[in-house]
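Before we start, here is the structure in question, set down as structure tokens.
Quantities reported herein were computed from a predicted structural model and do not represent experimental measurements.
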Amino acid sequence: MVVLSGSNAEIMAKQLAGELNWSHFSIETRRFPDTEGYIRIPDEVIESIRTEPVVLVSNTFPDSGIIETLLMLEAINDVRTGNLQNLREIGPQSLTDVGPGVLLAIPYFGYSRQDKRFRPGEAVSARAIANLLASRCDGIIVFDLHAPKVLEGLSVPVAFTSAMPELAEHLQKDIKPDFILSPDKGAIERASEVANEIGCQFSYLEKTRIDAHTIVHKAKDLDVEGKVVAIVDDMIATGGTICRAADALRSQGATQVHAACSHGLFTGGAVARLVRYVDGVHATSSLANPRDVIPGGPALARGVKQLFTTLQW
Ligand code: R5P
């Protein structure tokens, strides 16, 4: 197997290749002065892509990542189906079709939070993008997706994988938490898995989001007096969710508060804001970020192996 990546997921791609002992190659990516993207599979990689199945590791974030992922899938499919036709007739113009064998591994699935129509007239963005991607590959691996339900019934098999085991291992080694908190109902499954792995107390908050920057939590008594607490979420964007939850924990006597997530988006100065509220911020390598301390490769490798058990080729 061959692992490929473009401009936005090289760390994860290399970790995946290392985990599975496969070769990793980079696809050339550039940007034209008008910001449009350009991708090209290097000559020396074409033969490997035709000889073995491939896993392309690519984020659909930011928006340019969606285009780049689609273009890379297009080029990989052309190489595998033997469509090498070009206007200048350089090299072979057609080769045999080597059959299915293109998997897409998405460390951070952008638009995952628009997983339903919250108001009439909205697009279900996560589904729209998933359909586009599914039309160009034979299977998808998604890493800690916000709400997996949105990818149910896609035209290709999907493997959901999670870094919660590695996140738990990291927290236990680094901070030895007494208590894990889910900052909203949506993260209960993930955070309770971490609490179970560590063998510590668990609870959750009920959150209402007023707008992108304003959230409120329903008051709740938490048994955190004198305890080290880690808040576990799928992603940290503005940091608002974590800062408010940290306020609640401090006011109830927590001695240390840490924030841990799979996806460190850290938008608009989030890290600078977070360090005023928490003692530590811990994220995986799904996105390039300054708090990347938890490897994402093992989870991605589990996802690839899981998908292989369902594929016919
Ligand atoms: C939402 O339900 C997610 O799980 C996160 O809690 C949320 O996206 C975090 O966003 P922010 O850091 O902007 O509060």
The side-chain contact (heavy atoms from CB on, under 4.5 Å) partners of Ser48 (sequence neighbours excluded) come to Val2, Phe25

Sequence neighbours excluded - side-chain hydrogen bond (donor to acceptor under 3.5 Å, both in side chains) pairs with any residue from residues 245-254: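 Counting only pairs at least two positions apart or across chains, the side-chain hydrogen bond (donor to acceptor under 3.5 Å, both in side chains) contacts touching residues 245-254 are Arg244-Asp247, Arg250-Asp279.
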
pair Leu181-Val257: side-chain heavy atoms closer than 4.5 Å: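 SC-SC contact between Leu181 and Val257 ruled out.
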
Does the pair Ser7 and Glu68 meet the rule for a side-chain hydrogen bond (donor to acceptor under 3.5 Å, both in side chains), with working shown? CA-CA 8 Å; Ser7 70; Glu68 186 176 302; 2.8 Å; yes

Under a 4.0 Å N-O cut-off, is there an ion pair linking Glu206 with Lys220? no

Which pairs pass salt bridge (charged side-chain N to carboxylate O under 4.0 Å, His left out) with one or both residues in residues 297-312, sequence neighbours excluded?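 Found Glu166-Arg302.
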
What are the two closest heavy atoms between Met1 and Pro53, and how far apart are they? SD-CB, 3.2 Å

Restricting to side-chain hydrogen bond (donor to acceptor under 3.5 Å, both in side chains), what partner residues turn up for Thr284, sequence neighbours left out? none

So does Cys137 get a backbone contact from the side chain of Asn77, meaning a donor-acceptor N/O pair under 3.5 Å?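 A pair under 3.5 Å: no.
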
Checking Arg209 against Thr214 for the side chain to side chain contact (heavy atoms under 4.5 Å, CB included) test, could you report, in this order, the C-alpha distance in whole Å, the side-chain angles of both residues, the deciding distance, and whether it holds? CA-CA 6 Å; Arg209 183 175 286 283; Thr214 320; over 6 Å; no

Please list all pairs meeting salt bridge (charged side-chain N to carboxylate O under 4.0 Å, His left out) that have one or both residues in residues 288-299, counting only residues at least two apart or in different chains. none

Sequence neighbours left out, what passes side-chain hydrogen bond (donor to acceptor under 3.5 Å, both in side chains) with Thr69? Give chain and number order.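 In terms of side-chain hydrogen bond (donor to acceptor under 3.5 Å, both in side chains), with neighbours along the sequence ignored, Thr69 is linked to Ser58.
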
For Ser5, all residues meeting side-chain hydrogen bond (donor to acceptor under 3.5 Å, both in side chains), sequence neighbours excluded: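 For Ser5, the residues satisfying side-chain hydrogen bond (donor to acceptor under 3.5 Å, both in side chains) (neighbours in sequence not counted) are His24.
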
List for me each residue that meets side-chain hydrogen bond (donor to acceptor under 3.5 Å, both in side chains) alongside Glu197, sequence neighbours excluded, and say none if there are none.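 Result, side-chain hydrogen bond (donor to acceptor under 3.5 Å, both in side chains) vs Glu197: none returned.
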
Hey, does Phe202 have a side-chain heavy atom less than 4.5 Å from the side chain of Ile188? yes

Ser285-Gln15 side chain donor-acceptor pair, cut-off 3.5 Å: yes

Compile the donor-acceptor pairs under 3.5 Å between side chains in residues 146-161 and protein atoms, sequence neighbours left out, one pair per line.
| from | atom 1 | to | atom 2 | distance (Å) |
| --- | --- | --- | --- | --- |
| His146 | ND1 | Asp234 | OD2 | 2.7 |
| Thr161 | OG1 | Ala299 | O | 2.5 |

Side-chain heavy atoms of Asp63 within contact of Tyr111, under 4.5 Å: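 Result yes, sub-4.5 Å side-chain heavy-atom pair found.
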
Not counting sequence neighbours, list each pair that qualifies as a salt bridge (charged side-chain N to carboxylate O under 4.0 Å, His left out) and has a residue in residues 24-33. Glu28-Arg30, Glu28-Arg40

So, taking the atom named CG in Asp184 and the one named CG in Leu205, what distance separates them when rounded to the nearest 0.5 Å? 8.5 Å

Which side-chain hydrogen bond (donor to acceptor under 3.5 Å, both in side chains) pairs, counting each pair once, include a residue from residues 167-179, with sequence neighbours left out?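 For residues 167-179: His170-His282.
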
Distance check, rounded to the nearest 0.5 Å: Leu71 atom CG versus Thr29 atom OG1?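 Separation between the atoms: 11.0 Å.
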
So, do Thr241 and Ile236 sit near enough that their side-chain heavy atoms are less than 4.5 Å apart? no

Would the distance check show the side chain of Glu19 and the main-chain N or O of Asn21 forming a donor-acceptor pair, the cut-off being under 3.5 Å? no

Do Ser286 and His263 have a side chain donor and acceptor closer than 3.5 Å?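 Ser286 vs His263: donor-acceptor pair found between side chains.
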
Quick one: which residue pairs count as a ring pair (Phe, Tyr, Trp, His ring centres under 6.0 Å) with a foot in residues 48-105, not counting sequence neighbours?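 For residues 48-105, and leaving out neighbouring residues, the ring pair (Phe, Tyr, Trp, His ring centres under 6.0 Å) pairs sorted by first residue read Phe61-Tyr108.
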
For side-chain hydrogen bond (donor to acceptor under 3.5 Å, both in side chains), just list the numbers for Asp97 and Thr81, CA-CA rounded to whole Å, side-chain angles, deciding distance to a tenth of an Å, and then say yes or no. CA-CA 4 Å; Asp97 184 339; Thr81 57; 5.5 Å; no

Polar contact flag, side-chain donor to acceptor under 3.5 angstrom, Lys227-Gln256: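 The criterion, which ignores hydrogens and geometry beyond distance, is not satisfied for Gln256 and Lys227.
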
